[in-house]
Peer 1: 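Handing you this structure, nothing more for now.
The shown structure was predicted, so the numbers you read here are calculated from the model rather than taken from an experiment. Keep in mind that the numbers below use all heavy atoms, side chains included, and drop hydrogens, waters and symmetry copies. Position 1 is the first residue of the sequence, and the numbers go up from there.
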Amino acid sequence: MEFTASQIASFIDGKIIGDGDALITGVSPIESGESGHLSFIAQDRFAHHLDTSKCSVLIVTETLIDKNKYNPTLIAVKDAYLSFQVLMNLYQEMQGRKEGVEDGSSIHETAVIGEKVYIGAFTYVSEKAKIGEGTQIYPQVYIGKGVKIGKNCKIDSGARIYDYCIIGDNCVIHSNTVIGGDGFGFQPTAEGFQKIPQLGNVIIEDNVEIGSNCSIDRATIGSTTIGKGTKIDNLIQIAHNVKIGQNNVIASQTGIAGSTIVGDWNQIGGQVGIVGHIKIGNQVKIQAQSGVNSSVDDKETVYGSPAISYNDYLRSYVHFRNLPELAKKINNLENNSKDHTNE
C-alpha cells in the first residue's frame with residue numbers, strides 16, 4: 001500500500017513539517033531507515049535521528065522538534081509511540097479478515113458458529129461448542145466439548161482449548177498454547193501418587209492476550225480465571241485454581257503455582273516464580289527472576305529469591321558483592337584480637 005505524508009497525518013491528527021506529498025511504501029526501525037519508508041521518534045535519546053535518518057517521513061513527539069526544517073518530512077504529534085500504534089492497528093484492519101470454513105476442518109453438528117467466523121483447515125470443533133461472531137480460528141486448532149469463545153477473537157494455529165473452557169470477546173491466543181489442561185494434582189499414597197480428577201475449567205475474560213507455548217491449567221473444582229485486559233507473554237505456566245485480576249502484564253517464563261490470587265494492574269517480570277496459596281495485591285511490581293514465597297501488599301516492589309522489598313534487596317546486594325572483602329576484614333580483626341590477647 002502507498003500513502004502520502006498528509007494522508008498519514010490525517011489518520012493520527014498530526015501536523016506536517018515538510019513535504020506533505022512525500023510517498024510512503026513501507027516502515028523501518030529508526031536505526032535502519034530507508035528512502036520511501038516511515039518510522040517514529042518518541043524519546044529524546046533517539047532525537048539525533050531527526051537529522052540523520054534516511055526515512056522519508058518521521059512521526060515525532062512534538063516536544064522533540066526544535067527547528068522548522070529537517071531532511072525527512074515530519075509529522076508532529078503529542079505522543080509518537082501511541083500514534084504509531086494507531087497506524088499499525090489501522091494497517092492490520094486494512095488487511096481484511098478471513099471468513100468461512102476451509103476444507104479439512106471438522107465441526108460437530110451441535111456446535112454453534114456465529115456470523116463472519118473463519119475456521120482454518122484441519123481445525124476440530126467439538127460438540128456443543130460456541131464460537132462468536134467475527135472470531136478467527138486458524139488451522140490445526142482443537143476446540144473441546146462445550147467450549148465458549150466470544151466475538152472477534154483470534155486463535156492461532158496449534159492452540160488447544162479443552163472442554164468447557166470459556167473465552168471472552170476480543171481475546172488473542174497464540175500458537176501452541178494449551179487452555180484447560182489438567183492441573184498438577186496428585187495425592188501421595190502407600191502405592192505411589194494417585195491422580196486427583198481436575199473437574200473445573202478456565203475462564204478468560206475480555207481483551208486478554210496470551211502468548212505462544214503457554215499452559216493455563218483447569219481448576220480442580222471451580223475455575224482458573226484470567227481477568228479482563230491481562231496480557232500474558234510466551235512460555236508461561238499458570239496452575240490450577242489461580243485467580244488473576246484485571247490489566248496485569250506477565251513476562252516470559254513466569255510460573256504461578258496453584259490457588260494463588262493476583263490482583264489488578266500488576267507487572268510481573270520474566271522468569272518469576274510464585275508459590276501457591278498466597279495473594280499478590282494490586283499495582284505490585286515483581287522484578288525479573290524473583291522467587292515469591294509469601295503474600296505481597298498493594299503497590300510493593302519486590303526483588304530477589306526469596307523476594308524482599310526492592311530497596312532492601314539493592315542495599316543488601318551492595319554488601320553481598322563485597323562479601324569476600326568483608327570476610328577478610330573480619331578475619332584480620334579476629335587475628336589482631338587474638339594477638340593482643342596473647343600479649
Side-chain angles (χ1 to χ4, degrees), residues 29 43 81 84-85 88-89 92 138 140-141 153-162 165 167-168 170-184 202-218 224-276 278-294 296 300-308 310 313-314 317:
Q43 297 176 321
Y81 187 66
F84 198 73
Q85 287 184 52
M88 289 191 292
N89 286 330
Q92 189 173 47
Y138 285 80
Q140 298 182 330
V141 169
C153 292
K154 180 184 178 186
I155 315 295
D156 273 323
S157 299
R160 304 288 185 262
I161 304 172
Y162 288 11
C165 291
I167 298 172
N170 306 308
C171 291
V172 177
I173 298 174
H174 289 278
S175 292
N176 301 321
T177 280
V178 177
I179 308 295
D182 279 359
F184 195 61
V202 175
I203 297 176
I204 296 172
E205 297 181 354
D206 298 345
N207 303 308
V208 170
E209 182 158 350
I210 300 171
S212 60
N213 296 296
C214 294
S215 293
I216 302 178
D217 294 343
R218 68 176 52 247
T224 302
T225 59
I226 311 296
K228 184 183 298 184
T230 286
K231 313 300 180 186
I232 295 174
D233 200 358
N234 306 323
L235 295 165
I236 284 174
Q237 159 69 19
I238 296 173
H240 55 188
N241 292 93
V242 168
K243 310 290 185 187
I244 294 178
Q246 298 183 8
N247 299 306
N248 293 280
V249 288
I250 305 175
S252 180
Q253 297 183 7
T254 286
I256 304 177
S259 298
T260 281
I261 298 173
V262 178
D264 302 332
W265 292 101
N266 297 298
Q267 299 177 37
I268 300 176
Q271 297 184 333
V272 165
I274 302 176
V275 302
I278 66 171
K279 184 175 181 179
I280 308 298
N282 303 311
Q283 300 180 52
V284 170
K285 295 180 180 179
I286 303 176
Q287 304 295 322
Q289 295 189 328
S290 293
V292 183
N293 62 5
S294 60
V296 181
E300 286 286 324
T301 299
V302 297
Y303 192 21
S305 185
I308 60 175
Y310 180 67
Y313 178 89
L314 292 181
Y317 187 68

Peer 1: Taking all non-hydrogen atoms of both residues into account, name the closest pair between T254 and Q271 and its distance.
Peer 2: OG1-N, 3.8 Å
Peer 1: Can you name the nearest heavy-atom pair linking N266 to Q283, along with the distance?
Peer 2: OD1-N, 3.1 Å
Peer 1: Honestly, is K154 close enough over Y138, meaning NZ or CZ under 6.0 Å from the six-membered ring centre and within 45° of the axis?
Peer 2: yes
Peer 1: Tell me whether Y313 at atom OH has more than 12 heavy atoms from other residues, nucleotides or ligands lying less than 6.0 Å away.
Peer 2: yes
Peer 1: If you count every heavy atom of other residues, nucleotides or ligands that lies below 6.0 Å from Y303 atom OH, does the total exceed 12?
Peer 2: no
Peer 1: Before you tell me yes or no, could you show the steps for V302 and Y310 under side-chain contact (heavy atoms from CB on, under 4.5 Å), namely the whole-Å CA-CA distance, both residues' side-chain angles and the distance that decides it to 0.1 Å?
Peer 2: CA-CA 4 Å; V302 297; Y310 180 67; 6.0 Å; no
Peer 1: How far does CD of E300 sit from CD1 of I308, to the nearest 0.5 angstrom?
Peer 2: 11.5 Å
Peer 1: Please indicate whether K228 has more than 12 foreign heavy atoms, meaning atoms of other residues, nucleotides or ligands, lying under 6.0 Å from its NZ.
Peer 2: no
Peer 1: Would you say that I161 contacts I167 through its side chain, given a criterion of any heavy-atom pair below 4.5 Å between the two side chains?
Peer 2: yes
Peer 1: Please report the interatomic distance CD1(I210) to SG(C171), rounded to the nearest 0.5 Å.
Peer 2: 7.0 Å
Peer 1: Decide side-chain contact (heavy atoms from CB on, under 4.5 Å) for Y162 and R218; before the verdict, give the C-alpha distance in whole Å, the side-chain angles of both, and the deciding distance to 0.1 Å.
Peer 2: CA-CA 9 Å; Y162 288 11; R218 68 176 52 247; 3.4 Å; yes
Peer 1: Find the distance between SG (C214) and CD (Q253) and round it off to the nearest 0.5 Å.
Peer 2: 10.5 Å
Peer 1: Using 0.5 Å steps for rounding, measure from the CD atom of Q287 to the OG atom of S305.
Peer 2: 13.5 Å
Peer 1: Side chains of N248 and Q267: is there a donor and an acceptor less than 3.5 Å apart?
Peer 2: no
Peer 1: I need the I250 CD1 to I232 CD1 distance, nearest 0.5 Å.
Peer 2: 5.0 Å
Peer 1: Given I226, which partner from the list I179, I203, I204 fulfils the side-chain contact (heavy atoms from CB on, under 4.5 Å) test?
Peer 2: I204
Peer 1: Out of D233, N234, T177, which residue meets the side-chain hydrogen bond (donor to acceptor under 3.5 Å, both in side chains) rule with S212?
Peer 2: N234
